[in-house]
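A short worksheet on the structure shown next.
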Amino acid sequence: MNQPIQLSLEQQFSIRSFETQVQQMSHEQAQDFLVKLYQQMVMREATYKELLKHQWGFEGGA
């Protein structure tokens, strides 16, 4: 795990496209978008944790 993760060309393009979209937002739009993006990241992490618990048989308490 010492090697950095390499992104595909498609992923790199997606990041560049995202950057362009954000640069065109107003300050308020960017702030709102950032909060929503963070909420999605937290939900994704919680979903992954639940899936792993289920997959590994750790269905008990938190």
- [ ] For the residue pair Q12 and I15, establish whether any side-chain heavy-atom pair is separated by less than 4.5 Å.
- [x] no
Open item on the list: Tell me whether Y38 shares a hydrophobic cluster with L34, the cluster being built from Ile, Leu, Val, Met, Phe, Trp, Tyr side chains joined at under 4.5 Å.
Closed with: no
Open item on the list: Show the nearest heavy-atom pair for residues Q6 and Q11, with the distance to one decimal.
Closed with: O-OE1, 4.4 Å
Open item on the list: Within the supplied structure, the quantity of interest is the number of heavy atoms (other residues, nucleotides, ligands) at a distance under 6.0 Å from Q23 CD; does it exceed 12?
Closed with: yes
Task: Shared hydrophobic cluster, M25 / L37 (ILVMFWY, side-chain heavy atoms < 4.5 Å) - done: yes
- [ ] Indicate yes or no: at least one non-hydrogen side-chain atom of E28 is less than 4.5 angstrom from one of D32.
- [x] no
- [ ] Quickly, which of R44, E50, E45 forms a side chain to side chain contact (heavy atoms under 4.5 Å, CB included) with Y48? Name it, please.
- [x] R44
TODO: Please indicate whether E10 has more than 12 foreign heavy atoms, meaning atoms of other residues, nucleotides or ligands, lying under 6.0 Å from its CD.
DONE: no
Open item on the list: Strictly distance-based, threshold 3.5 Å: is any side-chain N or O of T47 a donor or acceptor partner for the main-chain N or O of M43?
Closed with: yes
